[in-house]
Structures are given as structure tokens and as C-alpha cells.
Amino acid sequence: MNTLIQALGAAEPTLMGDLEALYKDLHRHPELSMHEVRTSKIVADAMQGFGYDVTPNVGVTGVVCIMKNGAGPVVMLRADMDALPMAENTGLPYASAVTARDEDGIEVGVAHSCGHDMHVTWMIGAARILATNRTAWAGTLMIVFQPGEETAEGASAMVRDWGEGRFPKPDIILGQHVMAGPAGTVNYRPGVTLSAGDSLKIRLFGRGSHGSQPQTSIDPVIMAAAITLRLQTIVSREIAPTDPAVLTIGSLQAGTKENIIPDDATIKLNMRTFDEDTREYMHKAIRRICCAECDASNAERPPEFTTINSYPLTENDLVATQKVAQAFGQQFGVNASLAPSPASASEDFSIFGRSWGIPYVFWFVGGTDPAVYAKARQEKTVNQIPSNHSPKFAPQIHPTLETGLQAMLTAAGAWLCPPTAA
Ligand code: ZN
Ligand code: ZN
């Protein structure tokens, strides 16, 4: 047990009640990506109250908090703050009823259906323990509250806004995510732990005409249809079956009426890969196939490619993950485990470490009622448990709150605390 976990054990009895109240408040007041104004203010005020040196508005609504506490490593801890444009359907007494206008001006529900409210709560708890127990650790703490994870904008915006010499350079970056899995457990993975995710918009240019006179047209509907089918052959025919990859075309739009051949068509696709070479190969293959199909249709203009968003691979540093794993083993025993495979979700967390060339570790904390999870496992219905981004996603507050708080202090302590006997 490290000295921070000992400090947590001796914390004021009001701690968990305060954190639960904070969690419910954040849950009731979710904010869309890059609009986390209220959350950011709550966070900045709390951190200032704990004695951190707080810089708000780094990357729009991001908050950077520093505490120097003697000689030792610079440890960066990161939590994301944003919610999703979807209505909550959990039926919880503290469910969100918030609506907002999305980027297209459409009124949407807003909900913390990815659990970033839990991430903020864990971090505020960890920050409070660290601030009130300065004899338990040594070094420099950099606690970062990041906006816009769900749109892959936030980490990039913070890095762009970071500035030279404004903040110390971290030695290690740590982050965690709540997910479906038994509450009370944590899991981690050295190396690739989350996929890279890339979303593209592809515009295909034809020549519009009357539906009765196809000879006067270049039909973008045919191009889009041929491209849709042909793109599926990248994963099925060009990538080795042992190399996992996903290519999904989630949107295909063309035309307004049955007897008008439209001028253009738009495809929106998402791909997930687990290695940089495969990722690069798929990007090239998508361009090759789209350009060739447009040529085949005699299109007068090549297709236009726009990146909607791009998440890099989350690839945990091997040595640092070993250090976290060892600390988790001591703290959680059998409740800490190695994830059997990477997840096909994506995160922008690694942008910090990648941009600065710093090792990072990202791990997962279960949020499902353990009894519900055990039953689902027995009945082979684990896939039916509401996962992140489900309108029914709702972490069980206890012990998820305690576990994530302990996990963050345990991992941070592996760098900040003096070694203790196991
Ligand atoms: Zn999410
Ligand atoms: Zn998330």
C-alpha cells in the first residue's frame, strides 16, 4: 500500500460524500465537447481551493493545475470533461434532462454517457488527497482537465495552446476510463490498448441530369454504390485475417428525387486499426479505390477527401505499464488484470505523450454492478450490458468511485511516493 492510499484511508469522513455530490451534479449538467464552461469553472475553483497553481482556458476550456512539492518526477494526470449529444435513458434520479444545439444547429439531448463525469470526480478526489497530504509524496504534479475528447479536438487544442516553457515537462502521463466491467476491478495492457480511429468525408463529383437521359450524366449514385462495395474488400481481401481492422460506411447521401441524377454524392466512413502500418495502408487503399472508381465512371473531377476526426493509437509504454501493473497488483490483487486484447474504441489521450515524446499509460476501471456482470457472464449476455455511448450507460457509483480514485493514487504513487514494503 503506498503512502497516498494510506492517506486516502485516513481522509476526512466527508470526502466520499462530497465526491458523490460532485459526481451527481456533473452528471445532471453535462456539456458538449469544447463547451465545458460550467464544468471547467467548477474544476478550476476546486483546484484553486486545494492550493494548486491553476491556469484555465488552455485549449478553450482546458484547465492545467500544477503543484510543486520538492524534488522528484513531474507526473501528469489527465481527465476528460465532455459529454455526448444524446438523450439519457437511465431513469436515474440524477439523470440529465439537458438539451443544447449541436454544430448543425439542431437541438439534441446532452448526456454523460461515456462517464467523463466520473473521470472528473476521480481526479478531484485524487487532487484533494494529494494536496492535503504533501508529506506522503514528492515531485511535481500536473493535473490536466481536458475538453473535447469525443470530437478528438481537446488534447490537440491544449497541446497547440501549451506554449514553450509555460508548464514543466512531464516525465510520465497517466489516464483512466470507466467502462462496462465489474465495478471494483481495473484492467490494463502494455503496448496497443486502444485502436486508432479515423473518420473521413468523401465527396464524389458527377454531372447532374434528367433521370430519363442517363447518357447526358455522370452518375455519382453509381460511383458511391460501387465505392461502398469495393471499400469493403480492403479489410476482406487486402489486409491479413490476423490483422484486425474495421471499415464502416455510416453515411451515404445523394440526390433529392427519383428522376433527377444528382451532381454529387457524399460518403462518410470510419476506420479502426491497431497498427500504424495497417492504418497508413488503409488510408492509401481508400484513396486508390475512390479515385479509380471515379475514373471508371469518367468523372471530370477527382473525389475530395476531408478528415472529420482522427484519433491516434493508444500505445502504452511497456516499462511504465509494468510499473503501474505492479502497483495495481499490490493494491487490487485479483481485481487487477491484464486486458486480453486491445479495445476497438479510440481516445485522444495519447496526443499529449505523442506530441512531447513522453511515455504514457491508460487503463480501465469497471463500472457495472458486479452481481449484474457475473449473471450476464453466466448467461453469455455480457454484450447486452449497456456500454459507453449507450443511452442506458450508468456506472454504479459505489464502488466505481472508490476504485478509480484508488487506481489514480496507486498509479501516481508509483512515481511520486517513496517505496514501501508490499
Ligand atoms: Zn466516448
Ligand atoms: Zn470516453
Side-chain angles (χ1 to χ4, degrees), residues 23 26-27 30-36 39-40 43 59 61-62 77-90 96 98 100 102-103 108-123 144-158 173-181 183 186-189 193-199 246 248 250 270-272 308-314 316 339 342-353 360-368 385-395 400-401 403-404 407-408:
Y23 171 72
L26 295 171
H27 194 86
E31 295 172 295
L32 290 176
S33 303
M34 308 310 288
H35 296 276
E36 307 87 342
T39 311
S40 172
V43 158
T61 49
L77 313 178
R78 171 271 203 181
D80 45 7
M81 304 186 284
D82 56 331
L84 286 159
M86 60 189 289
E88 177 167 351
N89 185 19
T90 59
S96 160
V98 171
D102 69 6
E103 61 214 24
V108 289
V110 186
H112 265 300
S113 305
C114 203
H116 299 182
D117 47 352
M118 185 58 83
H119 304 171
V120 171
T121 310
W122 286 334
M123 195 62 87
V144 170
F145 293 90
Q146 183 211 300
E149 187 283 324
E150 296 291 354
T151 54
E153 294 171 281
S156 299
M158 289 195 83
I173 307 176
L174 304 170
Q176 56 182 354
H177 207 299
V178 62
M179 67 183 309
V186 294
N187 72 69
Y188 54 84
R189 202 181 151 73
T193 191
L194 287 171
S195 64
D198 293 275
S199 294
V246 180
T248 295
N270 178 258
M271 59 181 245
R272 305 283 166 143
I308 299 170
N309 59 52
S310 176
Y311 293 87
L313 273 179
T314 305
N316 284 339
S344 63
S346 305
E347 256 285 344
D348 69 352
F349 165 75
S350 73
I351 287 176
F352 294 104
Y360 57 84
V361 186
F362 193 74
W363 65 88
F364 304 97
V365 179
T368 315
I385 291 175
S387 65
N388 305 62
H389 292 213
S390 155
K392 292 189 186 300
F393 179 75
T400 308
L401 183 49
T403 307
M408 191 46 95

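Predicted model, so just to flag it, every value in this text is computed and none were measured. Read the numbers this way: they start at 1 and go in the same order the structure lists the ligands and their atoms.
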Practice prompt. Quick one: sort the His177 and Phe362 rings into parallel, tilted or perpendicular, breaks at 30° and 60°.
Written response: perpendicular
Discussion item. Counting the benzene-type ring for Trp, do Tyr360 and Phe352 have ring centres under 6.0 Å apart?
Written reply: no
Discussion item. Counting the benzene-type ring for Trp, do His389 and Phe393 have ring centres under 6.0 Å apart?
Written reply: no
Worksheet entry | Proximal protein heteroatoms (N, O or S) of the Zn ion (ligand 2), under 2.8 Å | Cys114 SG, His116 NE2, His177 NE2
Practice prompt. Could you tell me whether Arg78 and Glu149 make a salt bridge, using a distance below 4.0 angstrom between a side-chain N and a carboxylate O?
Written response: no
Worksheet item: Just by distance, do the side chain of Thr193 and the backbone of Pro342 share a donor-acceptor pair under 3.5 Å?
Response: no
Worksheet entry | side-chain contact (heavy atoms from CB on, under 4.5 Å) partner of Glu150, the single match among Asp80, Leu32, Asn309, Leu84 | Leu84
